Amino acid sequence: MWGGRFSVKPDALMQAINVSIGFDRRLAAEDLAGSRAHAAMLAATGVITAADEAAIQRGLGLVEAELAAGSFPFRDEFEDIHMNVEQRLKELIGEPAGRLHTARSRNDQVALDVRLWVRGACDRSVEALQGLQRALLAQAETHAASLMPGFTHLQPAQPVTFGHHLMAYVEMFGRDAGRFADARRRMNVSPLGAAALAGSSIPIDPYQTAKALGFDAPAANSMDAVASRDFALEALSAASICAINLSRLAEEMVIWSTPQFGFIRLSDAFSTGSSIMPQKRNPDAAELVRAKSGRILGSLTALSMVMKGLPLTYGKDMQEDKEPLFEAFDALELALAAMTGMAADLTADTEAMAAAAGGAFATATDLADWLVRKLDLPFRQAHHITGRAVKRAEALGLSDLAALDLAELQAIEPRITPGVYEVLSPRASVESRISYGGTAPSQVRAQIQRWKDHLR
Ligand code: ARG
């Protein structure tokens, strides 16, 4: 491509460190779309003839067919996807191929290809997240009133419903989708027309290529257009946060599916056995979702370090933007799909969860609240009295305040009446938490309805 300036062929090591076709071949579709739009613009503005454009479009069609058939010759000596396509085009259509690169550089070309790919990855992530939300919504609807212990510090805290717990993740994954949508909005400007860095002296129309490729506008600064990868970092940040959220649900599935908890059973389709221990059911898919977050965060770190301190504009360092992007979004796509499958297929052991919801003095706060409401005690005093009741129950070998006799309660606070037992069951506890966003089934159903309307 630049033979005019050089007299000796590149060293084999030069090719080894420089070649990117092994991974940027994944940008073939984006590269072709960009070239088609660019050629159409060059013809519309009279920069190339209609006949040359027709030849280029026909040639790009042949390239596309070769790619689809798996017969396109990817060659290391042509370094990257851009030069592989251009070289092949030249072989297929001859001289007009040489006009395609008018008013274009690989710098704006690669910025475009990567931007198109990341934009597509963001869109796919939003769709996958919505699929996951739908799977969780279906479970939440079934279990809007199913009791389970809610935890803080992984210690039983207050009874909640399983539906409420799942809806917390629906909220989280909704924000994850929102982050991808935000990133998309900001990245949706076209770098084409920036050429190498300074723009072009040829009378091109960057608005036309921007529009043809679904961008909102051409990039406002040609140097920024070729130098920036913050759009990729932003998408990787969104992917990282999403992966972290996924890892939390994955970890809960691991915990809930242990025989010690026994809250859920993952389907056979998403469990594995052991080659030596016949009784085992391992939650491998959940564990791998949990692990993918490490890989995805690693990609964000890798590209952050590549970009840090790079002077404007393009530097070959930026060729290293692609592998972290591909790796992160491949991992995220798989993690989201596996999580959706696990969420859709899991069965909840509602009896085990309800039994656990009543244990570990989970309704202690309800007793304290009752003392505040009925006896008008200051909350701190109510907290102290309740603490003494828990201590007494524990001494008697009980794990549930509802099992403590009235006489025992009255020995601690004589004004306690039999009515107190109405608030000490986990069912009553859950039903009473009707504050907005609370765990009362009526509130949980309202949360479900809002998301169903939103996702429709
Ligand atoms: N393969 C290169 C990349 O991925 C394309 C841009 C090369 N530009 C250049 N001036 N060498 O970044």
Side-chain angles (χ1 to χ4, degrees), residues 1-6 9-35 37-38 63 67 72-90 97-98 100-121 187 190-200 209 213 219 221-233 235-236 299 302-330:
M1 293 283 173
W2 43 76
R5 170 76 176 78
F6 288 70
K9 275 173 62 123
D11 192 280
L13 275 175
M14 180 60 215
Q15 182 174 307
I17 194 169
N18 205 29
V19 67
S20 60
I21 189 64
F23 50 88
D24 68 14
R25 56 198 288 169
R26 283 186 66 171
L27 297 175
E30 288 77 8
D31 201 70
L32 287 176
S35 287
H38 186 65
V63 168
L67 283 161
F72 181 86
F74 291 104
R75 288 167 288 186
D76 282 1
E77 63 267 37
F78 301 116
E79 194 182 316
D80 59 20
I81 185 62
H82 325 297
M83 295 202 290
N84 266 272
V85 169
E86 194 179 331
Q87 176 64 27
R88 187 67 190 139
L89 191 64
K90 195 165 120 194
L100 172 58
H101 212 50
T102 312
R104 189 175 70 171
S105 156
R106 276 189 297 155
N107 295 350
D108 59 343
Q109 194 177 356
V110 75
L112 171 78
D113 292 3
V114 174
R115 219 171 260 251
L116 286 174
W117 193 90
V118 174
R119 190 178 74 180
M187 84 177 68
S190 171
L192 274 189
L197 73 161
S200 176
T209 37
L213 294 164
N221 180 302
S222 62
M223 297 180 74
D224 174 43
V226 297
S228 296
R229 292 294 183 274
D230 55 54
F231 69 88
L233 290 174
L236 285 174
S299 295
L303 185 56
S304 300
M305 293 304 100
V306 165
M307 296 308 297
K308 178 185 171 300
L310 274 193
L312 299 192
T313 51
Y314 178 83
K316 196 61 177 261
D317 315 52
M318 286 151 69
Q319 176 162 288
E320 305 266 322
D321 60 356
K322 295 162 199 67
E323 288 159 296
L325 282 166
F326 296 155
E327 181 174 3
F329 280 98
D330 286 350

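In listed order, ligands and their atoms are each counted from 1. The structure presented is a predicted model; accordingly, all values stated were derived computationally and were not measured. Along the sequence shown, residues are numbered consecutively beginning with 1.
- In this structure, the side-chain hydrogen bond (donor to acceptor under 3.5 Å, both in side chains) partners of Gln87, at least two apart in sequence or on a different chain, are Glu91.
- Ligand 1 has no N or O atom lying under 3.5 Å from any N or O atom of Glu79, backbone or side chain.
- Of all protein heavy atoms, the one lying nearest to atom 5 (C) of ligand 1 is Asp80 OD2, 3.4 Å.
- For atom 6 (C) of ligand 1, the closest heavy atom belonging to the protein is Tyr314 OH, 3.3 Å.
- Note on Glu30 versus Lys322: no salt bridge recorded, every NZ/NE/NH1/NH2 to OD/OE distance being 4.0 Å or above.
- Distances from atom 9 (C) of ligand 1 to the heavy atoms of Ile81, Val19, Asn18, Asn107 show the closest one on Asn107.
- In this structure the side chain of His101 never reaches within 4.5 angstrom of the side chain of His82, judged on heavy atoms.
- Of the protein's non-hydrogen atoms, the one nearest atom 4 (O) of ligand 1 is Lys322 NZ, 2.6 Å.
- The nearest protein atom to atom 2 (C) of ligand 1, hydrogens excluded, is given as Gln319 OE1, 3.2 Å; this is a heavy-atom distance.
- For ligand 1, the polar-atom distance check finds no N/O of His82 at less than 3.5 Å from any of the ligand's N/O atoms.
- Put simply, the side chain of Glu327 reaches to within 4.5 Å of the side chain of Ser299, judged on heavy atoms.
- The pair Glu86-Arg106 does not count as a salt bridge, with every side-chain nitrogen at least 4.0 angstrom from each carboxylate oxygen.
- For atom 11 (N) of ligand 1, the closest heavy atom belonging to the protein is Arg106 NH2, 3.5 Å.
- Close contacts between ligand 1 and Ser20 involve ligand atoms 1 (N) [criterion: under 4.0 Å to a heavy atom].
- In this structure, the side chains of Leu197 and Asn107 stay at 4.5 Å or more apart for every pair of heavy atoms.
- By the salt bridge (Lys or Arg N to Asp or Glu O under 4.0 Å) test, Glu320 pairs with no residue at all, sequence neighbours left out.
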